[in-house]
Amino acid sequence: MSTRKRYWMMKSEPDAFSIDDLERVGTEPWNGVRNYQARNFMRDGMRVGDGVMLYHSNCKVPGIAGLATVASAAYPDSTQFDPKSHYHDPKATPETPRWFLVDVAFERKLKRLIPLEEIKQHTDELGEGFALTAKGSRLSVFPVTAAQWKLLLSLE
DNA sequence: GCCAACGTTGGC
DNA sequence: GCCAACGTTGGC
């Protein structure tokens, strides 16, 4: 398997957890993801050192806010076992965990937020399958190709 | 705050 | 295994 670094997009609502929060804490277990496709990308696709773009969703100006790196291999999300947690999953047990996460480490804020509105102007280059701009897509963790990464960063 | 699009659940 | 009902996401 290739050892080349992979790239990812991860969404977060800035009211809940923003790039500034990530800068403050340095490294964060990316808990609370409860979508199988997103889980699979974290569990099966991510490796330490991979590049991450942090996207601010469900806010006044949605867009890409900063860069981070994958800082751990995937491991079970402990909030699934906690009955008091909003993310509790009664069907998950430590013996058979259902949800996995990775640690995400702050790298830098972008010089400016790249608004979704601008990203949409490059749909042709990004491709119709790009999850950020694909109609109806709500996926919160998904891969970004090297070419997409380069293009998006050129908008900074 | 609205609502379209989507994923999950559970009765049958 | 179908599918209606429900809950969530997230742009606008």
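Here the structure is a predicted model, which means the values were calculated and not measured. In the text below, chain A, chain B and the rest are named by the order of the sequence lines, each starting its count at 1.
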(request) Mind calculating the distance between CZ (A:Arg98) and C1' (B:dT9) to the nearest angstrom? (result) 11 Å
(message) Rounded to whole Å, please give me the gap between CG in A:Leu139 and P in C:dT8.
(response) 18 Å
(message) Please report the distance, rounded to the nearest Å, between CG in A:Leu113 and P in C:dG11.
(response) 11 Å
(message) Please determine whether any donor N or O and acceptor N or O are separated by less than 3.5 Å between the side chain of A:Arg138 and the base of C:dT8.
(response) yes
(message) Nearest whole Å is fine: how far is C:dT9 P from A:Gln37 CD?
(response) 15 Å
(message) If you define the side chain from C-beta out and look only at heavy atoms, does anything of A:Phe17 sit under 4.5 Å from A:Val25?
(response) yes
(request) Assign the ring pair A:Phe142 / A:Phe130 to parallel, tilted or perpendicular, where the plane angle (0 to 90°) is split at 30° and 60°. (result) perpendicular
(message) Please report the distance, rounded to the nearest Å, between CG in A:Asp89 and C1' in B:dT8.
(response) 12 Å
(request) Measure the shortest side-chain to side-chain distance between A:Ile64 and A:Met9 over non-hydrogen atoms and say whether it is less than 4.5 angstrom. (result) yes
(message) Quick check on C:dG10: is either OP1 or OP2 less than 4.0 Å from any side-chain nitrogen or oxygen of A:Lys11?
(response) yes
(message) Whole angstroms only, please: what is the CH2-C1' distance between A:Trp99 and B:dG7?
(response) 10 Å
(request) Quickly work out the A:Met9 CE to C:dG10 C1' distance and round it to whole Å. (result) 15 Å
(message) Once you apply a heavy-atom cut-off of 4.0 Å, does A:Lys120 come out as touching a base, just sugar-phosphate, or nothing?
(response) sugar-phosphate
(message) Given B:dT8, C:dG10, B:dG10, identify the nucleotide with an atom nearest to the side chain of A:Tyr36.
(response) B:dT8
(message) On DNA chain B, does the nearest nucleotide to A:Ser137 precede the nearest nucleotide to A:Asn58 from the 5' side, or the other way round? Give the residue.
(response) A:Asn58
(request) Ignoring hydrogens and angles, tell me if any N or O in the side chain of A:Arg98 forms a donor-acceptor pair with the backbone of A:Lys91 under 3.5 Å. (result) no
(request) Could you state the atom-to-atom distance from NZ of A:Lys135 to P of C:dG11 in whole Å? (result) 14 Å
(message) Under 4.0 Å between a side-chain nitrogen and a carboxylate oxygen: does that hold for A:Arg39 and A:Asp77?
(response) no
(request) Using the closest heavy atom to pick a nucleotide of DNA chain B for each, name whichever of A:Lys91 or A:Gly136 lands nearer the 5' end. (result) A:Gly136
(request) Name the residue closer to the 5' end of DNA chain C, choosing between A:His86 and A:Glu117 according to the nucleotide with the nearest heavy atom. (result) A:His86
